[in-house]
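For ligands, and for the atoms within them, numbers begin at 1 and follow the listed sequence. Side chains included, hydrogens not; waters and symmetry mates left out as well; all remaining heavy atoms used.
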Amino acid sequence: MAEQQKLRLGVNIDHVATVRNARGGQYPDPLRAAKIAEKAGADGITAHLREDRRHISDVDIEGLMDVLSVPLNFEMAATDEMQKIALRHLPHAVCIVPEKREERTTEGGLEVAREENKLAHFIAPLRDAGCRVSIFIAADQRQIEAASRIGAEVIELHTGAYCDAYAEGRFKEAQEELRRLQEMATMAHGMGLEVHAGHGLTYDTVSPVAAFPEVRELNIGHFLIGEAIFLGLEPAITEMRRLMDEARS
Ligand code: PXP
């Protein structure tokens with residue numbers, strides 16, 4: 001059993017950029033959102049620079065590196081272009097995610113087991129440069145073992161299947177997904193990996209995941225940015241932080 005440690009909240013600001021890009025121009029500004037998130041208690045900021053630049057832009061990443069007081073978790077696909085950008089900026093953490101142009105969001109975890117050699121070579125320079133490398137994967141023993149073998153320090157477990165099942169009222173499946181997430185978090189932690197989790201989390205789904213003692217960080221974006229329309233960004237994040245702390249106590 002893992003020792004209970006503070007659970008970090010990484011706020012993903014991608015969808016502030018989605019709204020900005022719907023019109024072009026300068027607002028809403030993802031950097032301003034990042035500073036508000038810091039004030040509201042975010043322990044880190046997450047941003048995904050996609051190959052098609054549909055939300056976060058190269059200029060946003062440059063700006064985040066300049067203005068943030070908390071660590072940047074830079075999400076990216078395993079491509080040469082992204083590796084160069086990460087090595088130029090040297091963010092605190094790099095999270096390797098799968099990316100398909102036609103998907104609306106990061107639909108599944110990375111297929112590490114099949115691409116072990118390639119990924120091991122891909123992450124080595126990032127690690128050597130001092131970035132903490134995280135791999136976004138499904139709660140699947142094969143993928144976790146492969147992530148450990150390639151030298152990742154962190155895995156982020158994809159909570160999308162759990163959140164989708166919950167949102168669609170398939171509560172038995174949601175419970176089953178939660179059980180799998182818990183089991184895999186325990187296993188990964190036992191292997192010496194730091195365990196993060198995220199994707200699709202909301203006020204309704206965050207607590208059981210936040211309660212897993214092995215999970216050190218949650219990355220949450222879309223729901224918070226949506227909720228900010230009704231509550232404002234700072235209160236939306238403060239409430240998420242409260243639910244996480246309550247689940248942990
Ligand atoms: N973690 C990772 C690795 C992601 O790719 C995403 C989505 O970009 C998130 C967390 C956050 O997911 P959501 O925006 O659904 O909260």
Side-chain angles (χ1 to χ4, degrees), residues 7-19 21 30 33-34 37 42-56 60-61 64 71-78 82 86 91-101 103-112 123 131-139 143-144 147 152-167 177 181 185 188 193-207 209-210 215-229 233 236-237 239-241 243-244:
L7 181 61
R8 292 194 301 262
L9 169 61
V11 173
N12 182 318
I13 54 162
D14 291 351
H15 296 299
V16 179
T18 304
V19 177
N21 296 358
D43 302 289
I45 297 296
T46 293
H48 182 179
L49 185 66
R50 292 188 80 106
E51 187 195 10
D52 62 9
R53 310 300 198 268
R54 70 174 70 157
H55 37 56
I56 292 294
D60 293 330
I61 296 293
L64 288 168
L72 175 66
N73 176 30
F74 179 59
E75 283 184 13
M76 58 176 232
M82 290 301 153
H92 166 80
V94 171
C95 180
I96 313 290
V97 301
E99 203 172 294
K100 290 195 226 95
R101 253 173 202 264
E103 71 189 356
R104 268 190 295 180
T105 179
T106 315
E107 279 164 8
L110 196 68
E111 178 46 69
V112 198
I123 68 170
C131 300
R132 257 174 104 61
V133 176
S134 162
I135 310 280
F136 189 44
I137 48 179
Q143 305 299 346
I144 294 168
E153 295 167 276
V154 182
I155 57 156
E156 179 163 333
L157 293 174
H158 198 309
T159 51
Y162 154 60
C163 293
D164 286 348
Y166 185 93
E177 289 296 338
L181 285 163
L193 291 160
E194 182 170 306
V195 183
H196 300 177
H199 207 281
L201 291 169
T202 66
Y203 294 154
D204 290 333
T205 51
V206 72
S207 300
V209 182
V215 173
R216 291 298 316 280
E217 178 174 309
L218 298 181
N219 284 300
I220 308 180
H222 186 261
F223 175 80
L224 285 175
I225 304 308
E227 200 60 14
I229 295 170
L233 187 54
I237 295 171
E239 173 61 5
M240 189 61 84
R241 175 85 262 170
L243 289 167
M244 286 166 57

*Backbone or side-chain N or O of L201 under 3.5 Å from ligand 1 N or O*: no
_For A93, give me all partners under side-chain contact (heavy atoms from CB on, under 4.5 Å), at least two apart in sequence or on another chain._
N73, R132
*Any idea which part of E75 is under 4.0 Å from ligand 1, heavy-atom wise: side chain, backbone, both or neither?*
side chain
_Pick from E217, E99, E156, H199: the one approaching atom 1 (N) of ligand 1 most closely through a non-hydrogen atom_ = E156
*If we only count N/O pairs under 3.5 Å, is H222 in contact with ligand 1?*
yes
*Find all atoms of ligand 1 within a distance of less than 4.0 Å from any non-hydrogen atom belonging to V97, and give their numbers and elements.*
3 (C)
_E194-H196 side chain donor-acceptor pair, cut-off 3.5 Å_ = yes
*How long is the gap from CG on L243 to CG on L218, to the nearest 0.5 Å?*
11.0 Å
_Is it the case that ligand 1 has an N or O less than 3.5 angstrom from some N or O of N219?_
no
*Could you walk me through whether M240 and V206 pass the side chain to side chain contact (heavy atoms under 4.5 Å, CB included) test, one step at a time?*
CA-CA 8 Å; M240 189 61 84; V206 72; 3.8 Å; yes
*Are E99 and H48 close enough that a side-chain donor and a side-chain acceptor fall under 3.5 Å?*
yes
_Listed partners of H222 passing ring pair (Phe, Tyr, Trp, His ring centres under 6.0 Å), at least two apart_ = H15
*Which heavy-atom pair separates Q143 from V112 by the least distance, and what is that distance?*
OE1-N, 2.8 Å
*Close N or O approach (I220, ligand 1; < 3.5 Å)*: no
*Can you list the ligand 1 atoms lying under 4.0 Å from a non-hydrogen atom of G221?*
13 (P), 14 (O), 16 (O)
*Which ligand 1 atoms, with their elements, are less than 4.0 angstrom from a heavy-atom of G200?*
12 (O), 13 (P), 15 (O), 16 (O)
